[in-house]
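Quick notes on the structure that follows.
Here is how names work: the chains are called A, B, and so on, in the same order as the sequence lines, proteins then strands, and each is numbered from 1.
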Amino acid sequence: MIDLKYLEKNFDEATNRLTKRGINNTLLEELKYKFRELKEINRRLEEARATQNRVSKLFGEYRREGKDISELKSKLSKNKELIASLQDEVNIANEELQNIALNIPNFPDESVPYGEDEDDNVEIKRVLTPREFNFRPREHWELAEINGWIDFQRGVKLAKSRFSLLRGEAARLERALINFFLDENRKRGFEEVYVPFINNSNMLQGTGQLPKFADDLFKIEGEELYLIPTAEVPLTNIYNNEILKKEQLPILLTAYTPCFRKEAGSAGKDTRGMIRQHQFDKVEMVALSLPEESEEIFNMMVENASNLLTMLELPHRLVELCSGDLGFSASMTIDIEVWLPGQNRYREISSISNTRDFQARRAKIRFRDGKKNRLLHTLNGSALAVGRTLVAIMENYQNADGTIDIPEVLKKYI
RNA sequence: GGACAGAUGGGUGAGUAGGCUGAAACCACAUCCCUGCUAAGGAUGCGUACGGGUAACCGUACCGAGGGUUCGAAUCCCUCUCUGUCCGCCA
């Protein structure tokens, strides 16, 4: 959630920053108005309560001393009604405020390039040169068929479309990648964590998936529980509603989890192959840091993810997302895109974001700084998306006869 | 899933015939003092959120969560959640 006090006090600056990502400022005007309204009603409510508390104490004294209490009683009864009606007003105002505020995305960082959509993203650098093929490189689903690695039909039979299963060497390669990523992340100082793959709605709200993106989540029927769309949710929320010691920071976490997404807005996109599935594996990094250090940790996380691809000898590029393409919670994001020779293009394989205090405010994650409690910064990034890495290996390591070589660094894992 | 018991501040733990308890005491922690020698003594401070004030500070809310009764609730009532124990089930 954005800082409403900041919005109120620096309205022009704030709206300026948010219009860059397509938020209209009548909505922000309304938000500011609701915020002020709530404060005003709340002030009156608190005054009425203070009166009630004060006079109620008197009431007790009077009765002990045997004084006449009828006058106090009528005063209190009247005031009680006032409190009830003010309370209703506060509840309504607060709900209206939350409805708007929880749907406002994060401020883009000053450094974020302006742009409408993904076409305006800025390539920062390329790492490794794509190999030259002396044959037509196949797409991964062709290779999957030749090698018997991916069974799309039966995945659909077991669940529904956009599910698949990996068989034999592919399944082992998937597991090898998970282990490889976790080991490398651990070497960088990330603590490995095993987390629940189902989280409650509070946690989803903490990291920003709810309330706005409910359509993209698998919900457990009859419960306030959801399959996680990314390990970012459980990892970040480990410290939900906690106050950490300054010395504990930064906290670096990594976890492997399957991720579940309805892909509601992706009809017709990547329907072939396993680029976009309802269930996919990912190894995630999450950092909780001092505000002053989040930039530095962000860079470390980008470098770590890029380095994993370099170790796998997979050509890739770093892309800085423009303001219009930023995710809801992110203040800045760098995507890493891996080269897919079969598709003849770069495809996203990792996304690293600094949300600054946006998630921390929602999830109430703070640290004690001297006498004050301050919101910390949260960051997250894939290191890496496992299924897409498998695809990248298939397409980059393919031979003319359709066989696939195994990357050197993975051999000890198989 | 069934039965019973419980849920209080960082921890232990008082407080249940409603008001003087935002909450005793102890421990932990912080600062200071004393004293020095392997360990101890003393003083003070020490929950969170929101609102107001430059600040000291003041107001409001919170004793698992939500609702109710009442002039007034940690204390009474209802619902839910969680924890423990027993039973059932299961990896």
Side-chain angles (χ1 to χ4, degrees), chain A residues 1-9 31-102 194-206 210-211 219-226 234 237-249 251 258 357-376:
Chain A
M1 193 154 80
I2 59 166
D3 184 351
L4 293 178
K5 272 190 232 171
Y6 167 78
L7 179 76
E8 187 195 24
K9 289 190 180 131
L31 185 60
K32 184 176 85 166
Y33 172 75
K34 294 275 183 212
F35 182 59
R36 285 193 173 151
E37 184 191 31
L38 176 64
K39 281 210 298 198
E40 171 55 22
I41 304 170
N42 204 46
R43 193 184 56 73
R44 278 156 55 203
L45 174 63
E46 288 187 4
E47 264 175 28
R49 281 205 174 124
T51 305
Q52 194 76 353
N53 288 343
R54 203 166 358 92
V55 181
S56 284
K57 270 192 179 154
L58 257 185
F59 186 98
E61 285 174 29
Y62 272 38
R63 223 181 40 176
R64 251 194 319 276
E65 294 164 9
K67 292 186 187 166
D68 179 28
I69 53 173
S70 55
E71 198 179 320
L72 286 186
K73 183 151 185 158
S74 72
K75 185 176 179 184
L76 283 166
S77 297
K78 212 176 283 172
N79 196 50
K80 191 184 175 184
E81 283 168 32
L82 176 64
I83 288 174
S85 77
L86 285 171
Q87 180 69 66
D88 287 346
E89 283 186 56
V90 165
N91 291 345
I92 290 164
N94 191 42
E95 197 178 323
E96 288 174 348
L97 182 76
Q98 294 298 320
N99 282 343
I100 302 172
L102 286 173
Y194 178 81
V195 296
F197 301 159
I198 294 175
N199 281 193
N200 62 45
S201 51
N202 248 336
M203 303 303 116
L204 273 304
Q205 187 178 99
L210 288 178
K219 187 171 194 287
I220 309 290
E221 193 180 349
E223 314 253 10
E224 280 305 305
L225 295 171
Y226 297 81
N237 282 296
I238 288 175
Y239 297 100
N240 186 298
N241 198 27
E242 293 193 26
I243 300 167
L244 302 170
K245 294 198 180 86
K246 196 173 179 179
E247 310 83 73
Q248 285 177 269
L249 302 175
I251 293 173
D357 62 9
F358 185 82
Q359 291 179 327
R361 184 172 293 104
R362 289 175 159 242
K364 301 187 181 66
I365 313 174
R366 295 143 294 169
F367 69 99
R368 190 172 297 280
D369 190 12
K371 283 197 147 186
K372 279 194 182 147
N373 295 324
R374 293 172 63 199
L375 295 170
L376 46 72

| said: OP1 or OP2 of U60(B) versus the side-chain N and O atoms of Asn53(A): is any pair under 4.0 Å? | reply: yes
| query | Is there a side-chain polar atom (N or O) of Lys57(A) under 4.0 Å from OP1 or OP2 of G19(B)? | reply | no
| Does any N or O donor sit under 3.5 Å from an N or O acceptor when you compare the side chain of Glu46(A) with the base of G59(B)? | yes
| For U79(B), what is the paired nucleotide under Watson-Crick or G-U wobble rules, both distances under 3.5 Å? | A65(B)
| Looking at the side chain of Ser56(A), which of G19(B), U48(B), A61(B) is the nearest nucleotide? | G19(B)
| query | Is the phosphate of A49(B), meaning OP1 or OP2, less than 4.0 Å from a side-chain N or O of Asn373(A)? | reply | yes
| task | Please tell me which of Lys80(A) and Arg368(A) maps to the more 5' nucleotide of RNA chain B, matching each residue to the nucleotide holding its nearest heavy atom. | result | Arg368(A)
| query | Has Arg366(A) got a side-chain N or O lying under 4.0 Å from the OP1 or OP2 atom of A49(B)? | reply | yes
| note | Mate of U16(B) across any strand shown (Watson-Crick or G-U wobble, both atom pairs under 3.5 Å) is none
| query | Does the base of G19(B) carry an N or O that pairs as donor and acceptor with the side chain of Arg63(A) under 3.5 Å? | reply | yes
| P-based separation of G18(B) from G13(B) [nearest Å] | 26 Å
| said: Quiz question: by atom type and distance under 3.5 Å, do the side chains of Glu95(A) and Asn99(A) form a donor-acceptor pair? | reply: no
